[in-house]
Structure formats: structure tokens, C-alpha cells
Chemist: 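Structure incoming, see below.
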Amino acid sequence: MTTIVKQTTKLIAGMIFMYGIYVIVHGHLTPGGGFAGGVIMAGSFILLILAYGSDFLKLLKEESGTTMYENLAMIVVLFLAVSGLLIGTHVFFLNWIPKGTVGHLVSAGILPLYNIFVGIEVAASIVTIFLALIIFKEEVSK
Amino acid sequence: MEIAISVITGFMIIGALYAIHARDLLSAVIACGIVGYSLVICFLLLKAPDLAIVQIVIETITLIIMVAVVLDSTREEKYQKFDRQGYFTAILSILIIVVLFYFMMNSVSSLDPFGEGKLRMAQSYVEGATEKTGSANLVTGVVFDFRGYDTLGEATVLVTAVLGVLTIMRIKGKK
């Protein structure tokens, strides 16, 4: 791509990433949440790869990283769900952390934690699919 | 509002039909985009901003990926001649459409008017969600608290889809 595209991407990608984090963290207060924010975060990475070409991030190494983050986040979500079985009334998906005041950033008990880890999982999954397609193309053209 | 949604649904049908019959695959992909973005407007008219955000972001990412894939292909669709088997398939699909339409009309006539039906379950979700979950956004309260199993299933489906893509999209086997 041309220099203009590269410089604009360099300026914008970080802001898109921050906006994804905002949507995830405020998921229990405003519209949005883990799924939407995760895809926005993945979008910033896809923008970088599209602008700088496939050599930019040393893709083969990145792919194993994203796969690992995706699976780890999924396991953490499962552990959070199972932790409800150990505490209080012993129900799967129990909201056992104190709920706090409605409308504050730190409130709603365990829901923000679910949002954050589902967000990581979704972002890593979509980046992994994109990288798999790029690596497939590189392997074919070799 | 019903008129607006009907018009937008008409646009979606036209876009989908064009996507099937377009000769250039790039214009077919962009016609699929009409369907997705019209769905966003439908969600906004029905007052569902959560769904609208997810749909608009997913649609954009899918469109980028599909355009990147199509630009690397020959961009032309293969056409087959319309032979005897084609006629049989066409008659069969028209028959299935008639049967499905008949049963759909039967079931629609017994529904409540649009936007006024009140399920007992939904009522109790809407009334008690904020106190029970402590979440100001009611959708998050339902998705991660009342319907936690569903969300766990969705996330697991995504992980499985990624594993499938990684398994299929590999020419050389990974040791």
C-alpha cells in the first residue's frame, strides 16, 4: 500500500483498539459487550495486516499466539462458570461476587469478568481465521 | 414503522436475488453486504442497539475477508446448462415453497399483533433483571446471567469453528 494508507493506519489502529476495550469494559452499562468489542479489537489487527502486508507481523508466530490466547480465554470462562458451583447456593453460572451500585463501572458482580474474557476469545478467534486464510495463500503461492 | 421495515425487507430480498445471479463474484459479495446493512437498520428501528452494533461490525469484517478472498480468485461464476435434472429440482423447490408458505400462514394467523405479544418469561426478565443481576444494560444481564448456558454454547461454537478452519486450511501437515 502507499505511504498515505500506512501513516493513516498507524494513527487509527490504536484508537480502534482502545474503542474495542471501551465497549468491552462498559458492556454492563451501555450497549455492546464481549462479542461486539472483541470483533472491533480484531478489526484493528486486520487493518494493520491489510495496510502493511503479510510480512509485517511475522505471521506464523502470531498465529500460534492467537490460538493460545483464544483457548486460554475459553478455559477461564469455563472456570468462572464452574466457580459458581463451589460457592454459595452451588449453581452453575452463579453471580457470586457482590453486585455493588447499579450504574458504576465496578458493579454487576461477575458479569464484567465474563465480558472481558469472552471479548479476548472472540478477538483472538477472528484474527486466527484471518491469519489462517493469509497463511493458506502464502503456502499456495510458494 | 411496519411500512419502513417492509420496504427494507424488500431491499434485502432484491439484494439476495442479485447476489445469486451476478456474473462477477465481487458484485455478488457486495450485494450480500446490502442484506447485512439493511438488517442493521431493521435492528435500529426495532430498538435493539446491542444487536445492531454486533451486526454492523461482523458484517464489515466479513465483507473485508470475502473481498480479499474473491480478489484472489478468478471472479467468475461457473454456469451449468439447464437439463432435465434442473427442471426436476426447480419443480421440487416450488412445491416445497408452497407447502412451507401454507404452514407459515397458518401459524402467523394465530400470533399476537406485531410488537404486542407478552410472554410470561420475558415479562419477568424485563421487570426484575436490574435488581437481580446488578447490571444497568439489561441485555448483558440476560445474556451472561439468566441465559449463561446459551452464551457458553456460542463461545464454544466459535472456538470449534476456528479449530475447523485451522484443520482444513493447511496444505502441509503440522507436526
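Note on naming: letters A, B, ... go to the chains in the order of the sequence lines (proteins, then strands), and numbering restarts at 1 for each one. Only this structure's heavy atoms are used, side chains among them; waters, hydrogens and symmetry mates stay out.
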Chemist: Which bit of B/Leu152 is near chain A, if near means a heavy-atom gap under 4.5 Å: side chain, backbone, both or neither?
Modeler: both

Chemist: Side chain, backbone, both or neither: which part of B/Val139 has a heavy atom under 4.5 Å from chain A?
Modeler: neither

Chemist: Given side chain to side chain contact (heavy atoms under 4.5 Å, CB included), test A/Val39 with B/Ile58 step by step and report yes or no.
Modeler: CA-CA 7 Å; A/Val39 183; B/Ile58 289 275; 3.7 Å; yes

Chemist: For atom CD of B/Gln123, decide whether the heavy atoms of other residues, nucleotides or ligands shown that lie under 6.0 angstrom number more than 12.
Modeler: yes

Chemist: What are the two closest non-hydrogen atoms of B/Leu166 and A/Ala132, and how far apart are they?
Modeler: CD2-CB, 3.9 Å

Chemist: Between A/Val122 and chain B, with a heavy-atom cut-off of 4.5 Å, which part of the residue counts as in contact: side chain, backbone, both or neither?
Modeler: both

Chemist: To the nearest 0.5 Å, tell me how far B/Thr156 OG1 sits from A/Met74 CE.
Modeler: 3.5 Å

Chemist: Has the side chain of A/Ser125 got a donor or acceptor atom that lies under 3.5 Å from a matching backbone atom of B/Val162?
Modeler: no

Chemist: With hydrophobic residues grouped by side-chain heavy-atom distances under 4.5 Å, do A/Ile49 and A/Tyr69 end up in a single group?
Modeler: no

Chemist: Quick one: of A/Val118, A/Thr30, A/Asn115, who has the most non-hydrogen atom pairs under 4.5 Å with chain B?
Modeler: A/Asn115

Chemist: Hey, what do you get for CG (B/Asp145) to CD1 (A/Ile110), rounding to the nearest 0.5 Å?
Modeler: 9.5 Å

Chemist: Would you compute the distance between atom NE2 of A/His28 and atom CG of B/Leu138 and round it to the nearest 0.5 angstrom?
Modeler: 14.0 Å

Chemist: Between B/Val165, B/Ile61, B/Leu163, which has the largest tally of heavy atom pairs under 4.5 Å with chain A?
Modeler: B/Ile61

Chemist: Count the heavy atoms of every other residue, nucleotide or ligand shown that sit under 6.0 Å from CG of B/Leu92, and state whether that count exceeds 12.
Modeler: yes

Chemist: Any side-chain heavy atom of A/Phe35 within less than 4.5 Å of one from B/Thr151?
Modeler: yes

Chemist: With rounding to the nearest 0.5 angstrom, report the OH to OG1 distance, A/Tyr114 to B/Thr140.
Modeler: 13.5 Å

Chemist: Would one find more than 12 heavy atoms of other residues, nucleotides or ligands at under 6.0 Å from atom OH of B/Tyr125?
Modeler: yes

Chemist: Same cluster or not: are B/Tyr18 and B/Leu26 linked, directly or through other Ile, Leu, Val, Met, Phe, Trp or Tyr residues, by side-chain heavy atoms under 4.5 angstrom apart?
Modeler: no

Chemist: Compile the donor-acceptor pairs under 3.5 Å between side chains in residues 76-87 of chain A and protein atoms, sequence neighbours left out, one pair per line.
Modeler:
unit_1, atom_1, unit_2, atom_2, d
A/Ser83, OG, A/Leu80, O, 2.6
A/Ser83, OG, A/Trp96, NE1, 3.0

Chemist: Taking heavy atoms only and a threshold strictly under 4.5 Å, list by residue number the residues of residues 36-52 of chain B that touch chain A; give 'none' if the list is empty.
Modeler: B/Pro49, B/Asp50

Chemist: Check whether A/Leu50 and A/Ile134 end up in the same hydrophobic cluster, where Ile, Leu, Val, Met, Phe, Trp and Tyr are linked by side-chain heavy atoms less than 4.5 Å apart.
Modeler: yes

Chemist: Using non-hydrogen atoms only, which part of A/Ile40 is less than 4.5 Å away from chain B: side chain, backbone, both, or neither?
Modeler: both

Chemist: Is B/Ile30 reachable from B/Ile14 through a run of hydrophobic residues whose side-chain heavy atoms are each under 4.5 Å from the next?
Modeler: no

Chemist: Indicate the atoms forming the closest heavy-atom contact of A/Ala36 with B/Val54, along with that distance.
Modeler: CB-CG2, 3.7 Å

Chemist: Mind checking whether B/Tyr149 and A/Phe92 have parallel, tilted or perpendicular rings, split at 30° and 60°?
Modeler: tilted

Chemist: Following the transitive rule for hydrophobic clusters with a side-chain heavy-atom cut-off under 4.5 Å over Ile, Leu, Val, Met, Phe, Trp and Tyr, establish whether B/Leu17 and B/Phe11 coincide in one cluster.
Modeler: no

Chemist: Could you check whether atom CE of A/Met68 has more than 12 heavy atoms from other residues, nucleotides or ligands sitting under 6.0 Å from it?
Modeler: yes

